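Heads up, the thing below is written out as C-alpha cells.
Note that the structure is a prediction, hence the values are computed from the model and not measured. Chain letters run A, B, ... following the sequence lines, proteins first, then strands; residues in each count from 1.
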Protein chains: 2
Amino acid sequence: MTDPLPPIQTTARDDAVLKALAGFVRQEALVPGEKLPTERILAERLKVSRNTVREALTRWEGLGLVERRQGSGTYLKAAVSPDMLHMPLTLAGGNDFAGLMRTLEIRRALEAEAAALCAVRAGKAEVAEIERKLDIMEEAFHSRAGMSSEEDWEFHQSVYRASGNPLFEQIISAMHELFHRFWEHPLGVRDFGHASFPYHRTIFDRIAAHDPEGARAEALKLIATVENDLKRGAANLKLLDRK
Amino acid sequence: MTDPLPPIQTTARDDAVLKALAGFVRQEALVPGEKLPTERILAERLKVSRNTVREALTRWEGLGLVERRQGSGTYLKAAVSPDMLHMPLTLAGGNDFAGLMRTLEIRRALEAEAAALCAVRAGKAEVAEIERKLDIMEEAFHSRAGMSSEEDWEFHQSVYRASGNPLFEQIISAMHELFHRFWEHPLGVRDFGHASFPYHRTIFDRIAAHDPEGARAEALKLIATVENDLKRGAANLKLLDRK
DNA sequence: ATGCAGAAATTGGTTGGACCATTGAACCAC
DNA sequence: GTGGTTCAATGGTCCAACCAATTTCTGCAT
C-alpha cells in the first residue's frame, strides 16, 4: 500500500538533522540522562545552521525526548530508536471536572487490562516487587492515616510494568502529570481515596493468584470508588458555589 | 504534596508566544483549515524575533496543531483551546509482531471500556448510527466475502464516538495508522478477521440493550479472535522463514 | 474578453553572526 | 569549609539577508 511515487525530498533539513542525531545517539549508545553535543558543535558537524539544529531539537523537546537547560546543555530524556512512532495527543479541556472524569475513564480501561495482563504474566520477581510497593503504601496509609498519592502511584506503576507491555506505563504516565494537581488537593474531599485503599490488596491478591478476570474486576472496583469520590467532590464544589 | 518551592520561571518567550497565539485563535474564532498570520506579522505584532515565533510554531507543528506550507502559509489543523493538555507519546518499536501485539492490548483495553460506556450512554440517535455502520459493514462482508478493514474501522469509530468520551477516539485513531499497514496485508492469513465478524453484531446488541458488562465481554471476545488471527499469522511467517 | 506563460510578490526555510541570560566550575578571600 | 567572584561554556533571542516553494498579478497572443 506504499505510495509508488513518494514525493522527493528536496528540502528536509531539520528532519535530516533528527535522523542524523538519532543515528548518533544509537551509535554512541547514549542513555537517558546523558548530555548530547552542544548546538554549535552539531551545527558545525552537520554543516547546517545552528537555527536549523535548534528547530530540530525543539521538535524533540516538544516530544519529550530531550530536555534543554540553558547554560548547561541538552540532555537525553527518553530512549530514542529510529523506528519509533510519535503520537501527539492534544486533549481539550482537562482542567474541569468533566475533563477529569474523561481521563479517569481512560485510566479505568487501561488499569483493568493492565491488571489482567499482569495476573497472567507476572513472574515471582514481579509479584514480589508489587507486594513491596503495596507494603510501602499500606505502611504510609496507616502511619499518616490517609492515602498517599506518591506511594499509591508507585504501586500502580509497578503493576503497569509487570504487565509486560510498556505502552500502559507510557500512556498512563503521560496522563498522570495532567491531572496531578487535582490528585493532590482533590476538590476538598478530606478522605479522598480512602475508599479505594482496600482494593489495592485485593488486586494484588488476584494478580498473585494469576486470576486475570478477578484482577480485572477488582481494578474496576477500585476506579469506581475513585469516581465516586470525585463525584462527591464535585457535589461539594457545587454547594460552595451556591453559598 | 505540591513542591513548596517550585522553580521560578524568568523567561518563557516562546511559551508566551503560544499563549498569545492561542488567545488570538480563540478571539478570531479560527476553525481548522483557516490560515493564521504570517510569521513576519506575528513577529512584528508580538514584538519578538521571527526566530522565536518559528520555535513556537515548530512546537505546535510537532503537536499536530498547525501545518506549515512553504510559500503558502501556516494553517490551523486542529481546534485549539487555551486549557488544552498535550500528551506526546513516542512508542518505540511498533513495527514488528511483538509491537503489534502490544498495541492490540491497548486497543483491547480501550475497546472494552468504550463499548461498556457506550451501552450506558448511547441514545437512540447514537444506537441508530452504530447500527447503520454495522449494516454497511455486514453488507460489505457478504458482497466481498471477507472483512473490509475500512467499514470495520468505521463501525468501531462510531462506537468510540457514542461512548461520550472523545479521548477514546483520539487515542485509538492515533494508534490506528500504526498497525494499518499490517491490517491491510495481514501476514498472509487469507480469512483474516473472519472470526471476529459475528462479534460486531453481538456487541451492538449488548449496546442497544444498554448492557455495559455484556458489551464489555463481547468486545473482549472480538479482540481475542483478532489476537488469535495475528498469532496464526505469526506462525505462518515462521514457517515461511524456515523454508 | 479569454487563456496562459512568465514576472513579481508572498511566505515559510535556511544561513551566519551577534549578543544576552543562565549555569557550573575554578578560584579566591575569610 | 563557607561564601563570593570571575569566567568560560551553553542555550535563548535577535537581526538581516537570502533561498525555495507557492500564489498572485501582468501582459501578450488568440
Exercise for review: Can you sort out the partners of B:Arg50 under side-chain hydrogen bond (donor to acceptor under 3.5 Å, both in side chains), two or more places apart, ordered by chain and number?
Suggested key: B:Glu39
Exercise for review: List for me each residue that meets side-chain hydrogen bond (donor to acceptor under 3.5 Å, both in side chains) alongside A:Thr58, sequence neighbours excluded, and say none if there are none.
Suggested key: A:Arg68, B:Glu55
Practice item. Using the salt bridge (charged side-chain N to carboxylate O under 4.0 Å, His left out) rule, collect all pairs that involve residues 154-172 of chain A, keeping only residues at least two apart or in two chains. Key: A:Lys133-A:Glu154, A:Arg161-A:Glu169
Report all interatomic pairs (protein N or O, nucleotide N or O of nucleotides 4-10 of chain D) with separations under 3.5 Å.
{"residue": "D:dT10", "atom": "O2", "partner": "A:Gly71", "partner atom": "N", "Å": "3.2"}

Only counting residues at least two apart or in another chain, list the ones meeting salt bridge (Lys or Arg N to Asp or Glu O under 4.0 Å) with [X].
X	result
A:Glu105	B:Arg121
A:Glu111	A:Arg107
B:Arg69	B:Glu67

Check your understanding: Looking at CG of A:Leu104 and CG of B:Leu167, how far apart are the two atoms once the value is rounded to the nearest 0.5 Å?
Key -> 11.0 Å
Between [N] atom [atom2] and [X] atom [atom1], what is the distance in whole Å?
X	N	atom1	atom2	result
B:Glu44	D:dC15	CD	P	11 Å
A:Asp15	C:dG13	CG	P	12 Å
B:Glu67	D:dT22	CD	C1'	14 Å

Exercise for review: Using a cut-off of strictly less than 4.0 Å between a heavy atom of the residue and any atom of DNA chain C, enumerate the qualifying residues of residues 49-66 of chain B by number.
Suggested key: B:Arg50, B:Arg54
Give every donor-acceptor pair under 3.5 Å between a side-chain atom in residues 71-78 of chain A and any protein atom, sequence neighbours left out.
{"residue": "A:Ser72", "atom": "OG", "partner": "A:Tyr75", "partner atom": "OH", "Å": "2.4"}

